[in-house]
Undergrad: 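One structure coming up, written as structure tokens, with questions to follow.
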Protein chains: 2
Amino acid sequence: MDEKKIPNYHSADECPITATIDVIGGKWKPPIIWLLLKGPMRFGELHKTIPTMALKVLSRTLKEMEADGIIKRKAFPEIPPRVEYSLSRKGESLRQIMTLMSEWSREHIINQVPGEQ
Amino acid sequence: MDEKKIPNYHSADECPITATIDVIGGKWKPPIIWLLLKGPMRFGELHKTIPTMALKVLSRTLKEMEADGIIKRKAFPEIPPRVEYSLSRKGESLRQIMTLMSEWSREHIINQVPGEQ
DNA sequence: CGGTATCCCGGGCGATACTG
DNA sequence: CAGTATCGCCCGGGATACCG
């Protein structure tokens, strides 16, 4: 088998990059991962930090990320309730990619001159 | 100024990761970048390699990527016409990120056990 | 060969109100 | 405090036909 052979994509999902983007992409997953890389956060903390994100969307997004196995949800049986979200080991393994993407945007997007290559 | 201060996101666009995902994300940009990292390709070649992608969508996506400055379009004044697409220097600078994302999907998505962390 | 033009659909995303 | 329920919109993505 030729390792350099160009593959045929009968579906976008066959691309390994797409598989990863499906997990870290979408409108709100990037900022959430970026925040949780600094440490665990409560639901309300996330809401206050990203105030423009609707509660339902935050809740739904966190569930998706939990289902993907990149974050962990820990509920404390207290009154009032407290729920803490943190990255799983799988989520932590994204740190290098996230850091590189952050650096790439600083170097290639912020303050870029249109038409520049 | 505290470098470790947690930022407030009044918009998703303020996240540096989002800025990068906007350039490399979407349904078809990942496979196109992944292919062009192996070398330049003609329009028809891309179409044959990703046959499920509608021509209009391929055309539109390539234009967006050209506008973002990550690919270059070279038209040869021949009959029949020939157009070659290749990564710009800025596109090439994504290689490490793409490679890491490809490896990440191999290690964490393909053949993963549901529920595993 | 390498595209545009036109029309269209589904789902990601969201605003608001309510609840254990 | 930490969520659900309900309702709805926008737009990325797409099928088909046509053009230089």
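Letters go in sequence order (proteins before strands), and every chain restarts at 1. None of these values were measured; they are calculated from a predicted model.
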Undergrad: So A:Phe76, base contact, sugar-phosphate only, or nothing? Heavy-atom distance under 4.0 Å.
TA: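 If one applies the 4.0 Å heavy-atom cut-off, A:Phe76 turns out to touch nothing in the nucleic acid.
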
Undergrad: Identify, with sequence neighbours excluded, every residue that meets ring pair (Phe, Tyr, Trp, His ring centres under 6.0 Å) alongside B:Trp34.
TA: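 For B:Trp34 there are no ring pair (Phe, Tyr, Trp, His ring centres under 6.0 Å) partners, ignoring immediate neighbours.
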
Undergrad: Rounded to the Å, how far apart are B:Leu62 CG and C:dT4 P?
TA: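 Atom CG in B:Leu62 sits about 10 Å away from atom P in C:dT4.
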
Undergrad: With side chains defined as the heavy atoms from C-beta onward, is the minimum distance between B:Lys72 and B:Lys74 less than 4.5 Å?
TA: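 In short, these two side chains do not touch, never coming nearer than 4.5 Å.
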
Undergrad: Could you tell me whether the side chain of A:Pro7 reaches within less than 4.5 Å of the side chain of B:Lys38, counting heavy atoms only?
TA: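 Yes, their side chains come closer than 4.5 Å.
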
Undergrad: Reading DNA chain D 5' to 3', which nucleotide is the first, and which the last, to come under 4.0 Å of any heavy atom in chain B?
TA: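 Result: D:dG13 to D:dG20.
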
Undergrad: What is the distance from CZ of B:Arg60 to C1' of C:dC8, rounded to the nearest Å?
TA: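 In whole Å, C:dC8 C1' and B:Arg60 CZ are 12 Å from each other.
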
Undergrad: Is the shortest distance from a Lys or Arg side-chain nitrogen in B:Arg95 or B:Glu92 to a carboxylate oxygen in the other one below 4.0 Å?
TA: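 Salt bridge flag = yes for B:Glu92 with B:Arg95.
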
Undergrad: Side-chain contact test, heavy atoms from C-beta onward, threshold under 4.5 Å: evaluate it for A:Glu66 versus A:Ile71 and give yes or no.
TA: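 A side-chain contact under 4.5 Å exists here.
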
Undergrad: What's the CD-P distance between B:Glu45 and C:dG3, to the nearest Å?
TA: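 In whole Å, C:dG3 P and B:Glu45 CD are 13 Å from each other.
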
Undergrad: Taking 4.0 Å as the cut-off, does a side-chain nitrogen or oxygen of A:Trp28 come that near to OP1 or OP2 on C:dG12?
TA: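 It does not, given that no N or O in the side chain of A:Trp28 lies less than 4.0 Å from OP1 or OP2 of C:dG12.
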
Undergrad: Throw together a table of side-chain donor-acceptor distances under 3.5 angstrom for residues 47-54 of chain B, partners on residues two or more places apart or in other chains.
TA:
residue	atom	partner	partner atom	Å
B:Thr49	OG1	B:Glu45	O	2.7
B:Thr52	OG1	A:His10	O	3.0

Undergrad: What does the inter-axis angle of the helix from C:dC1-D:dG20 to C:dG20-D:dC1 come out as, five pairs per end, nearest 10 degrees?
TA: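 So the angle between the two local helix axes works out to 60°.
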
Undergrad: List for me each residue that meets side-chain hydrogen bond (donor to acceptor under 3.5 Å, both in side chains) alongside A:Thr99, sequence neighbours excluded, and say none if there are none.
TA: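 Scan of A:Thr99 (side-chain hydrogen bond (donor to acceptor under 3.5 Å, both in side chains), adjacent residues dropped) gives none.
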
Undergrad: Which heavy atom in A:Asp68 sits nearest to a heavy atom in A:Lys29, and how many Å separate them?
TA: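 Minimum heavy-atom separation between A:Asp68 and A:Lys29: OD2-NZ, 3.8 Å.
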
Undergrad: To the nearest angstrom, how far is B:Leu46 atom CG from C:dG2 atom C1'?
TA: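 Result: 12 Å.
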
Undergrad: Got B:Trp104 and A:Lys90 here, is their nearest side-chain heavy-atom distance under 4.5 Å?
TA: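 They are in contact (side-chain heavy atoms under 4.5 Å apart), so the answer is yes.
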
Undergrad: Within this structure, what is the CG-to-P distance between A:Asp22 and C:dG11, rounded to whole angstrom?
TA: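 Computing the A:Asp22:CG to C:dG11:P distance gives 15 Å.
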
Undergrad: Tell me, do B:Lys27 and B:Val57 make a side-chain contact under 4.5 Å, heavy atoms counted?
TA: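 With C-beta onward as the side chain, the pair stays apart.
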
Undergrad: Taking the side chain as every heavy atom from C-beta outward, state whether B:Ile32 and B:Thr61 have any pair of such atoms under 4.5 Å apart.
TA: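 Side-chain contact under 4.5 Å: yes.
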
Undergrad: Tell me what B:Val83 touches on the nucleic acid: a base, only sugar-phosphate, or nothing, going by heavy atoms under 4.0 Å.
TA: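 Sugar-phosphate contact only.
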
Undergrad: Please report, rounded to the nearest Å, how far the C1' atom of C:dG2 is from the CD atom of B:Glu78.
TA: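 Distance, rounded to whole Å: 13 Å.
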
Undergrad: Which part of the nucleic acid does B:Arg82 contact within heavy-atom distance under 4.0 Å: base, sugar-phosphate only, or nothing?
TA: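 Sugar-phosphate contact only - B:Arg82 comes under 4.0 Å of backbone atoms but never of a base.
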
Undergrad: In whole angstrom, what separates B:Glu84's CD from C:dG2's C1'?
TA: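 From B:Glu84 CD to C:dG2 C1': 14 Å.
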
Undergrad: Taking all non-hydrogen atoms of both residues into account, name the closest pair between A:Ser88 and A:Gly69 and its distance.
TA: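 Shortest heavy-atom contact: OG-O, 2.6 Å.
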
Undergrad: Need to verify one output field. Residue with the more 5' nearest nucleotide on DNA chain D, A:Tyr85 or B:Gly25?
TA: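 Looking at DNA chain D, the more 5' nearest nucleotide goes with A:Tyr85.
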
Undergrad: What protein N or O atoms touch nucleotides 16-20 of chain C N or O atoms at under 3.5 angstrom, if any, and at what distances?
TA:
none

Undergrad: Between atom NE2 in B:His47 and atom P in C:dG2, what is the gap in whole Å?
TA: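 About 11 Å, once rounded to whole Å.
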
